[in-house]
Amino acid sequence: RTLGAAFFAAPIDVVFDWLTDADNYRAMPGVLHVKTYPVDGAEPNGIGSLRELTNLAMKVTEEVTAFERPHHMSYVFRATVPPMQHDGATMTFHDLEGGTEVAWTTSLQLTTPVLGRLLTRGYLWSLGLGMRMLFRAAERALAR
């Protein structure tokens, strides 16, 4: 399910680098903690790297599962609070005249008994809002 999309008036490689570096997520309102565990090699934020993110609604540890510069990055939640089943998320980058289009998709289900479906809808809405805030932070940073 697509929860966020945006156009950036910046080259695709610049947008890709900014959005795939979780350290930049500190620029989002509501983010309390970010810790990255890069991998050795040419792509420290690439396949196998881990990212811990805590915001007002959740805490997750993500593992990057696909990294194809500058068009695609996917990850999956390895640990979450609250508990959820995460089937993965993807950011897709398209080079367009005058800039870059980015789409973010994810699939998840809270595993909380009884209220899981209702809470999942709320979390999906919250994640979509968070991604829009991240895109706004990226727009501000890339406009400098």
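Nothing here was measured: the structure is a model prediction, and the numbers come from that model. Values below: every heavy atom of this structure, side chains too, minus hydrogens, waters and symmetry copies.
When hydrophobic side chains of Ile, Leu, Val, Met, Phe, Trp and Tyr are connected at separations under 4.5 Å, Tyr37 ends up clustered with Leu50.
Using a 4.5 Å heavy-atom cutoff, the side chains of Val34 and Arg51 are not in contact. Side-chain contact between Leu110 and Pro82 is present, with at least one heavy-atom pair separated by less than 4.5 Å. Annotation: side chain of Lys59 is not in contact with side chain of Leu32 (no heavy-atom distance under 4.5 Å). A 4.5 Å side-chain heavy-atom check between Asn45 and Val64 finds every atom pair outside the cut-off. For the pair Arg69/Asp17, a side-chain contact is recorded, criterion being any heavy-atom separation below 4.5 Å from C-beta on. Proximity of Trp104 to Leu19: side-chain heavy atoms (C-beta onward) are nowhere separated by under 4.5 Å.
The only member of Asp87, Thr106, Thr65 that meets side-chain contact (heavy atoms from CB on, under 4.5 Å) when paired with Val76 is Thr65.
Ring to ring, Phe67 and Phe16 are close: their centroids are under 6.0 angstrom apart.
Closest approach of Met91 to Tyr25, counting heavy atoms only: CE-OH, 3.6 Å. For the pair Leu53 and Ala22, the tightest heavy-atom approach, listed with the atom from each and the gap, is CD2-CB, 4.4 Å. Across every non-hydrogen atom of Gly41 and Pro44, the tightest pair is O-CD, 3.9 Å.
Side chains of Thr111 and Gln85: no donor on one and acceptor on the other come within 3.5 Å. Checking Thr92 against His94 by side-chain atom types alone, no donor-acceptor pair falls below 3.5 Å.
Using a distance-only test at 3.5 Å, with no hydrogens or angles considered, no donor-acceptor pair links the side chain of Thr80 to the main chain of Val60. With hydrogens and angles disregarded, no donor-acceptor distance shorter than 3.5 Å links the side chain of Thr100 to the backbone of Phe8.
Using a 30° and 60° split on the angle between ring planes, His86 and Phe77 fall in the parallel class, below 30°.
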Test side-chain contact (heavy atoms from CB on, under 4.5 Å) applied to Leu108 and Leu124, step by step:
CA-CA 8 Å; Leu108 63 85; Leu124 287 170; 3.9 Å; yes
For side-chain contact (heavy atoms from CB on, under 4.5 Å), just list the numbers for Arg117 and Gln109, CA-CA rounded to whole Å, side-chain angles, deciding distance to a tenth of an Å, and then say yes or no.
CA-CA 7 Å; Arg117 293 183 93 164; Gln109 175 75 39; 3.9 Å; yes
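Scored by the side chain to side chain contact (heavy atoms under 4.5 Å, CB included) test, Ala141 finds Trp18 as partners (sequence neighbours excluded). Residues passing the side chain to side chain donor-acceptor pair (under 3.5 Å) test with His71: none are found, sequence neighbours excluded.
A chain of hydrophobic side-chain contacts below 4.5 Å, direct or via other Ile, Leu, Val, Met, Phe, Trp or Tyr residues, connects Met84 to Tyr75. One hydrophobic cluster holds both Val102 and Leu142 under the rule that ILVMFWY side chains link at heavy-atom gaps under 4.5 Å.
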